[in-house]
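Here is the structure we will look at.
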Amino acid sequence: MRIQKNLKMKREFRELEFLHGDNKDVIQLSEKNLNYLKQLSKKKIDEKCFQRIIDEIKSNKLEFKLSPQENNYIKNLKEDDILDYVIYRYKFTQYPKNKIDLDFPLYILIEAASSCNLRCTMCFQTDKSFRKKKYMGLMDPKIFKKVIDEASQKGTKAITFGSRGEPSIHPKIGEFLAYTKDKFLETKFITNATKLNDDLIHSIFRSNVHMVNFSIDSEDSKTYEKIRKFSEFDNVLKNVKRYNKIKKEYKNCKTVTRISGVKVLKEQNARKFSNFWKQYADEVIFKNAFERWDTYNNSVIEDNSLPCRVIWERMYVWYDGKVNPCDTDYKSLLSYGNVNNNTISEIWNSPEYSKLKKTHLDNNRNKLIPCDRCSIS
């Protein structure tokens, strides 16, 4: 790779240096660039974290790199937001890795609905014991607004709609999206695309949602319908095409469209999947499925003692306000609070959550269910 100065992108950053290679323009994480971005920034930044990055650059110990997806995202940012985004992504990747505590969660996943209209073979919705009334419901708008208000005020940088259920089945999902508009650096909407309609699609673009992730899994209708039970491939394809057609109506639309799949059947082919769906998306990803469709009956992983990064990385808020460290624990055995009773800050910094972290740090995750049988580390 070679360094080029004054390289033109969609917008020209005259004082920045770029690494150029593999047909990608990548902002170089250098002391010069970061100081220049700091001059541009009108936002209050985390000076301690900023200096940490500078020190790692000077000592040639910086492990953090911007991914192609992150660089593509930067191209859509205002110049004075770039440093804020770089610091956020550094914290998101490096702090959990090094088990550094934050005063408030950087990333919150919100479950608008815990139920789903499909029964995908690799999902916990196939667990009949989970599909009981006590687990099923829709989020009250009051709970939603309380979470969003505190998160936007206290420094959360990213919000995702999606977790145990399908968010598009919530009758007020359009209002939820509108309420988050321009409050976070990243707002992601994960959906199976079965319930897409013109109203929801327009709500997505009017609300400046940063990423829409369509979970689809195959380009072959028979394979798709074998995995995603109760869905029809032709209907999903029609909805995705309609989404893309409406997207063209929004000039300078910055919403990134991602289509994702998980490998659960031998006949799935990553290359065929990508070649088919790339015409409908900015990004296509395909990966192996985690075993979380029957978490609590999985075999215990005897040598799994390493602390899990997820509990330092994010917060899940279920439809009823219950807070959970992850959705592998979809029955909430590890829940450590409820936003109906406390603030996010109080829950995040609670003795209960500190105890969970300490158990992991002491290499005792094998004493916790379902941490003892979870392959995520």
Side-chain angles (χ1 to χ4, degrees), residues 67 69-70 72-73 76 85 88-89 91-93 96 102 104-116 123-125 138-139 143-152 154-170 172-193 195-196 200 203-205 207-216 254-262 281-283 285 287 290 292 309-330 339 344 347-348 376:
S67 68
Q69 292 83 4
E70 288 165 337
N72 284 333
Y73 184 79
N76 291 324
Y85 180 76
Y88 149 56
R89 294 307 299 177
K91 284 183 174 181
F92 182 77
T93 60
L102 289 165
F104 200 84
L106 275 177
Y107 180 35
I108 298 178
L109 295 96
I110 296 177
E111 177 185 84
S114 60
S115 56
C116 186
C123 180
F124 25 65
Q125 292 285 345
L138 302 174
M139 180 170 278
I143 296 176
F144 175 77
K145 290 180 179 179
K146 180 183 180 183
V147 172
I148 293 299
D149 288 347
E150 187 181 359
S152 62
K154 294 289 183 66
T156 294
K157 300 299 180 182
I159 292 287
T160 288
F161 287 87
S163 185
R164 299 181 300 179
E166 168 54 44
S168 66
I169 66 176
H170 197 296
K172 294 185 181 294
I173 192 63
E175 295 176 24
F176 284 10
L177 291 172
Y179 196 74
T180 64
K181 184 177 180 180
D182 299 332
K183 288 184 170 74
F184 305 97
L185 281 175
E186 287 187 314
T187 303
K188 183 191 293 185
F189 187 72
I190 301 175
T191 176
N192 57 34
K195 296 293 184 180
L196 276 182
L200 177 54
S203 292
I204 287 169
F205 297 131
S207 302
N208 295 340
V209 173
H210 299 102
M211 174 180 283
V212 174
N213 188 111
F214 296 129
S215 302
I216 296 181
K254 297 177 181 179
T255 300
V256 173
T257 306
R258 174 184 288 176
I259 293 178
S260 65
V262 293
D282 303 297
E283 300 173 6
I285 62 171
K287 57 187 178 181
F290 283 111
R292 57 179 192 170
R309 61 170 291 137
V310 172
I311 56 180
W312 277 267
E313 181 185 270
R314 61 186 66 189
M315 169 185 277
Y316 287 80
V317 183
W318 298 156
Y319 79 94
D320 56 359
K322 188 176 290 184
V323 168
N324 221 61
C326 69
D327 59 359
T328 300
D329 176 35
Y330 54 87
V339 295
I344 293 172
I347 298 169
W348 181 255
I376 299 173

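Minimum interatomic distance between Val310 and Pro325 (heavy atoms only, all atoms of both residues): CG1-O, 3.5 Å. The two residues Ser203 and Gly174 come nearest to each other via the heavy atoms OG-CA, 3.9 Å. Nearest heavy-atom pair, Asn76 versus Lys254, reported as atom, atom and distance to 0.1 Å: O-NZ, 3.2 Å. Closest approach of Arg309 and Pro96 over heavy atoms only: O-CB, 3.6 Å. For the pair Glu111 and Gly165, the tightest heavy-atom approach, listed with the atom from each and the gap, is OE2-N, 4.2 Å.
In this structure, Val256 and His210 have side chains that are not in contact, with every pair of non-hydrogen atoms separated by 4.5 Å or more. A heavy-atom distance below 4.5 Å is found between the side chains of Ile110 and Val147. Counting heavy atoms from C-beta on, the side chains of Ile173 and Phe189 come closer than 4.5 Å. Leu200 places a side-chain heavy atom less than 4.5 Å from the side chain of Leu177. A heavy-atom distance below 4.5 Å is not found between the side chains of Leu109 and Met315. Considering only heavy atoms from C-beta on, Trp318 stays 4.5 Å or farther from Met139 through its side chain. Two residues are said to be in side-chain contact when any heavy atoms from C-beta on lie closer than 4.5 Å; Ile169 and Cys116 fail this criterion. Put simply, the side chain of Lys188 reaches to within 4.5 Å of the side chain of Ile190, judged on heavy atoms.
Taking the ring pair (Phe, Tyr, Trp, His ring centres under 6.0 Å) definition, one finds that Phe104 meets it with nothing, sequence neighbours left out. Ala158 pairs by the side-chain contact (heavy atoms from CB on, under 4.5 Å) definition with Tyr88, Tyr107, Glu186, not counting sequence neighbours. Residues passing the side chain to side chain donor-acceptor pair (under 3.5 Å) test with Ser260, sequence neighbours excluded: Asn213. For Tyr319, the ring pair (Phe, Tyr, Trp, His ring centres under 6.0 Å) test picks out no residue, with sequence neighbours left out. Qualifying side-chain contact (heavy atoms from CB on, under 4.5 Å) partners for Ser67, counting only residues two or more places apart in sequence or in other chains: Gln69, Glu70. Residues meeting the side chain to side chain donor-acceptor pair (under 3.5 Å) test with Lys91, sequence neighbours left out: Asp46. Residues that satisfy the ring pair (Phe, Tyr, Trp, His ring centres under 6.0 Å) test with Trp348, not counting sequence neighbours, are Tyr353. Partners of Thr257 under the side-chain contact (heavy atoms from CB on, under 4.5 Å) rule, at least two apart in sequence or in another chain, are Phe214, Tyr243, Lys247, Ala281, Asp282. Legend: residues meeting side chain to side chain donor-acceptor pair (under 3.5 Å) with Gln125, ordered by chain and number and at least two apart, are absent. Applying the salt bridge (Lys or Arg N to Asp or Glu O under 4.0 Å) test to Lys157 and every residue at least two apart in sequence or in another chain returns Asp84. Under the ring pair (Phe, Tyr, Trp, His ring centres under 6.0 Å) criterion, Tyr330 pairs with Phe124, Phe130, Tyr296, not counting sequence neighbours. With sequence neighbours left out, the side chain to side chain donor-acceptor pair (under 3.5 Å) criterion links Asn192 to Asn117, Glu166, Thr194.
Listed for the Thr160 side chain is no donor-acceptor partner under 3.5 Å among the backbone atoms of Gly162. The main-chain N or O of Met211 is never found under 3.5 Å from a side-chain atom of Thr255 such that the two would form a donor-acceptor pair. Under a 3.5 Å cut-off, the side chain of Ser207 and the backbone N or O of Ala178 do form a donor-acceptor pair. Using modelled atom types, no side-chain atom of Thr156 and backbone atom of Leu106 make a donor-acceptor pair closer than 3.5 Å. With hydrogens and angles disregarded, a donor-acceptor distance shorter than 3.5 Å links the side chain of Glu150 to the backbone of Ile344.
Taking CG from Asn324 and CZ from Arg314, the interatomic distance works out to 12.5 Å, rounded to the nearest 0.5 Å. If you take CD1 on Ile285 and OG on Ser215, they are separated by 8.5 Å, rounding to the nearest 0.5 Å. Atom OG in Ser114 sits 7.5 Å away from atom CG in Asp320 (nearest 0.5 Å).
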Point to revise | Verdict with supporting geometry, Asp149 and Phe144, side chain to side chain contact (heavy atoms under 4.5 Å, CB included) | key: CA-CA 9 Å; Asp149 288 347; Phe144 175 77; over 6 Å; no
Check your understanding: Checking side chain to side chain contact (heavy atoms under 4.5 Å, CB included) for the pair Thr180/Phe161: CA distance, chi angles, key distance, verdict?
Key -> CA-CA 11 Å; Thr180 64; Phe161 287 87; 3.8 Å; yes
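The number of heavy-atom neighbours closer than 6.0 Å to NZ of Lys146, taken from other residues, nucleotides and ligands shown, is above 12. For Lys195, the NZ atom sits in a loose shell: 12 or fewer heavy atoms of surrounding residues, nucleotides or ligands are nearer than 6.0 Å.
In this structure, Lys181 forms no cation-pi arrangement with Phe184, as its terminal cationic atom is not both closer than 6.0 Å to the ring centre and no more than 45° off the ring axis.
Between Asp329 and Tyr316, the side chains place no donor N or O within less than 3.5 Å of an acceptor N or O (distance only, hydrogens not considered).
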